[in-house]
Peer 1: 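Got a structure here, written out as structure tokens. Questions coming.
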Amino acid sequence: MVAASALFSDLGDKRKPEYLKKIVLDALGRGQKMKQRVSDVIKNAGIKATEERIRKIVYWNRLERHEHGERDVRLYLL
């Protein structure tokens with residue numbers, strides 16, 4: 001993040017926006033993978049994976065700092 005905005009009065013423009021782009025793309029990619037994992041767990045639990053349910057489980061996983069399995073997800077959503 002610092003490298004993406006490094007502008008110095010004595011050294012000039014040392015910004016490297018490609019670093020910020022990589023950080024953002026990396027975060028988006030990891031978010032998509034997490035969403036897919038949660039969607040798969042919900043489906044494997046025998047429940048339709050809606051956006052609302054996915055968000056609910058993602059929030060629950062983050063709150064408890066681990067990814068819940070099919071059994072827990074089924075109990076939580078029903």
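Only a predicted model underlies this, so the values are computations on that prediction, with no experimental measurement involved.
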Peer 1: Can you list everything that forms a side-chain contact (heavy atoms from CB on, under 4.5 Å) with Asp72? Sequence neighbours excluded, please.
Peer 2: Trp60, His68

Peer 1: Would you list the pairs meeting salt bridge (charged side-chain N to carboxylate O under 4.0 Å, His left out) in which at least one residue belongs to residues 34-46, sequence neighbours left out?
Peer 2: Lys35-Glu51, Arg37-Glu67

Peer 1: According to ring-ring contact (aromatic ring centres under 6.0 Å, His included), does anything in residues 23-52 pair up with another residue at least two apart or in another chain? List the pairs.
Peer 2: none

Peer 1: Take atom CD of Glu52 as the centre, draw a 6.0 Å sphere, and report whether it contains more than 12 heavy atoms from other residues, nucleotides or ligands.
Peer 2: no

Peer 1: How would you list, by chain and number, every residue that makes a side-chain contact (heavy atoms from CB on, under 4.5 Å) with Leu78, sequence neighbours excluded?
Peer 2: Ile47, Arg74

Peer 1: Just to verify, what does Lys21 make a side-chain contact (heavy atoms from CB on, under 4.5 Å) with, not counting sequence neighbours?
Peer 2: Leu25

Peer 1: Under the ring-ring contact (aromatic ring centres under 6.0 Å, His included) rule, what pairs show up with a residue in residues 22-47, not counting sequence neighbours?
Peer 2: none

Peer 1: Just so I know, are the side chains of Arg53 and Leu77 near enough to count as touching, which here means a heavy-atom distance under 4.5 Å?
Peer 2: yes

Peer 1: Using links of under 4.5 Å between side-chain heavy atoms of ILVMFWY residues, direct or through other members, which residues join Tyr59 in one cluster?
Peer 2: Leu63

Peer 1: Taking atom CZ of Arg55 and atom OG1 of Thr50, what is their separation to the nearest 0.5 Å?
Peer 2: 8.0 Å

Peer 1: Just jot down the side-chain contact (heavy atoms from CB on, under 4.5 Å) partners of Val58, sequence neighbours excluded, or say none.
Peer 2: Met34, Val38, Ile54, Arg62

Peer 1: Say you draw a straight line from NZ of Lys33 to CG of Leu28; how long is it, rounded to the nearest 0.5 Å?
Peer 2: 12.0 Å

